[in-house]
Amino acid sequence: MTHLSLTELATGIAAVVQGIALDFAARERLAALGVKPGRTVTVVRRMGARGPLQLRAGQTDVVLRAEDAARIQVSTA
Amino acid sequence: MSTPQPSRRRIAVVGMPNTGKSTVFNRLTGVQAKVGNWPGMTVDVLSARVILGGRTVELVDLPGLYSLHGMGEDERLVRHYLENEPLSALLVVLDATQLERQLPLALQLRELKRPLLVALNMADETQRLGIRVDTEQLAAALGAPVLLVSGKHGTGLPQLKAALQKLLETAPDAATNDAVLHADAALEAQAESIARAAVTIPHALPARISDKLDRVLLHPVAGVLIFLLLVFGLFQAVYGVGVPLQKGLNALIELGKLRLVEPLMADAAPVLQSFVLEGVIDGVGTVVSFVPIIFVFFIAMAVVEDSGYLVRVAFLMDRWMARLGLDGRLFVMQLMGLGCNVPAIMGTRIVRSRPRRLLSMLTIPFSLCSARLQVMVFLAAAFFTPRVAPLVMFGLYLTSFAVAFGTALAWRGRFASAEPFVLEFPPYRVPTLRTLAAEGWQSTRHFIESAGLVILAGVILIWLLTHLPFGAEPAGPETLVGRLASWMAPVFRPIGIDEMMSVALLMGFVAKEVVLGGMAVIYGAGPDELGRMLAERLTWLQAMSFMLFTLIYTPCLSTLAAIRRESRSLAFTAAAVAWPLAVAWVVSFVFYSVSTSFG
């Protein structure tokens, strides 16, 4: 099992969310969109290295900024 | 502290964003919904009266929210509303294709102990995706009736109405509820187990068309190019359709004025004639002339938003706009402002964060709109050779963007947004004509209702300024506007603008194109002579300074009416006048004093 941040996760690779070091507002919003510890997510695409990324969690896709993604820890099998 | 209102029955429609909640609301109410006036609400909340089983019921379409415990502005508003307004029942709209994620909201709402009805929208999509929902099991688990509907196609709507009616028969009278809304991890676990039991999702979902489209539309290069082409096309479509309609409508009003009102007023005193024809009718004409543009604009924006493309724009443009404290979607509004600032200001409501919207409302009026373009083209042609004039125009556009971006940079700290930048990417959806028409119609009506009177009053005020005291030459030095201009002369002299020109600027407050008409009146010249006369009386440096000032100074009256309506703040509206005035003066002063010191 490898631990890494979402910014380091290659596109198309499934990973499990381990922790989200963001403020309450962002954590609450992410959780409501299905991104929370224990959930499997994949990065669908990135808009360049520093641009936003499209993340898929179950049936839902979300877009978030790279600086926020850097604070989301995931693990791959 | 409940305040029962026995005669009122009110149902709030609640759901997450992108669930098609408003489509269901429109299906239930038709297009007669009105913006409700609720204490503490800074966004439009639509409400409509419908007859259910012989009884009048008020349906309220609350802003979409992800969670009752969320920190977003809409979430706060909805929480405030649910805690303070008397309600008989809640209609909860959930996206049936994402039930696992949406059920916690339904469970949170159940805590309010109000009768609940759950509508699972997007029934058509679940079918296509092969997702099966056991509504009976879900109803048992939620303790509320559950119905599959498709707001888009209207399926299940009669059953939904019948269920609402049944719910109301047993519901208590509308009352507030101060049940404490608490976060609960147990709710989440419960939602998961309910979803596991009641929802069957096929192991391999059919390949989504959205994914294929996104491969092209979100491509870092092709996607951005397509976006720019689409905005260009959108611009052409809105103003290509809207402007001829606007001209037609104006011609119609002009005709009515000439054929109908003028003969009727023939025997009236000249002052009264002028007041009715140039004050009241021109004021009404100004309001009416915006109607076609706003209608077409909001249909076009509804296509962009409801199709799911607008969120993609945020993805494409965010890298650049984030630096300005804005986001990609507001870039679209900045560009649309090049046609007309009024709908662009109204369009900022696509962004839910209030500080970000306000910042955008401060920058949009710097977009060189078509009304100002008329003035600029005329003056550029009067003062510059055909070879230089296009360069002058290009410089004005550059100035317009520089001032807009500079404003965003200067104020982004003051209007910092606390809203997390986490956006949902809904799949692409084809919007229905019904929702598009409803969107165009509602926006137009709200514009007339809330901005119409302000604009009319402003036009009449300018008429009074240019005609009082009666008997003086209109807009001459004896009138109020003339005295105002001579009083302000010390302000305008350093930037090379004389008293006559400043009267034109004051008149241009109503609408920028009036600047030209104003100058024609002041100089007593027809449109053909005006250019020549101006060129004789002013240096090209003065003309350039005047153009810069006209470009930047106050948003026109209609734009301000839109700003006041959207911001719901007089103080902010005042700032939206003061800031550009100050910038305009500084820019013109720097230009004029530097260039004259060289000349």
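Every chain is numbered from 1, with letters handed out A, B, ... down the list of sequences.
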Study note, to complete from the structure: Max heavy-atom pairs within cutoff under 4.5 Å with chain A, candidates B:Thr97, B:Leu218, B:Val224, B:Asp95, goes to B:Leu218
Review point. In terms of heavy-atom pairs under 4.5 Å, which option from A:Val62, A:Asp61, A:Val63, A:Val44 contacts chain B the most?
Key: A:Val63
Check your understanding: So which part of B:Pro220 gets closer than 4.5 Å to some heavy atom of chain A, the side chain, the backbone, both or neither?
Key -> both
Review point. Under the side-chain contact (heavy atoms from CB on, under 4.5 Å) criterion, do A:Arg45 and B:Arg215 qualify, and how do the steps go?
Key: CA-CA 9 Å; A:Arg45 64 169 52 79; B:Arg215 237 166 270 157; 4.0 Å; yes
**Study point:** Within 6.0 angstrom of B:Gln127 CD, more than 12 heavy atoms from elsewhere
**Key:** no
Check your understanding: Heavy-atom count around B:Arg429 CZ within 6.0 Å, excluding the residue itself: above 12?
Key -> yes
Practice item. Write down the atom of B:Glu192, the atom of A:Arg39, and the distance for their closest heavy-atom approach. Key: OE2-NH2, 3.2 Å
Study note, to complete from the structure: CE of A:Met47 to CZ of B:Arg312, rounded to nearest 0.5 Å, is 13.5 Å
Check your understanding: Of the listed residues (A:Asp68, A:Leu30, A:Thr60), which shares the most heavy-atom pairs with chain B below a 4.5 Å separation?
Key -> A:Thr60
Study note, to complete from the structure: Interatomic distance, CZ@A:Arg46 vs CZ@B:Phe315, rounded to 0.5 Å, equals 9.5 Å
Check your understanding: What part of A:Leu22 is in contact with chain B, defined as an atom under 4.5 angstrom from a non-hydrogen atom: side chain, backbone, both or neither?
Key -> neither
**Study point:** Pairwise distance CD(A:Gln54) to CG(B:Leu423) - rounded to 0.5 angstrom
**Key:** 11.5 Å
Practice item. Counting only heavy atoms closer than 4.5 Å, note whether B:Leu316 contacts chain A via side chain, backbone, both or neither. Key: both
Practice item. Give, for atom CG of B:Leu68 and atom CD of A:Glu28, the distance between the pair rounded to the nearest 0.5 Å. Key: 9.5 Å
Point to revise | Structural part of A:Arg56 lying under 4.5 Å from a heavy atom of chain B | key: side chain
Revision key, fill the gap. What one should report as the nearest heavy-atom pair of B:Tyr66 and A:Ala32 is CB-CB, 3.5 Å
Point to revise | Under 4.5 Å from a heavy atom of chain A, the part of B:Glu100 involved | key: side chain
Exercise for review: Under the side-chain contact (heavy atoms from CB on, under 4.5 Å) rule, what do A:Gln59 and B:Arg101 come out as? Steps first, then yes or no, please.
Suggested key: CA-CA 9 Å; A:Gln59 293 287 95; B:Arg101 170 169 88 68; over 6 Å; no
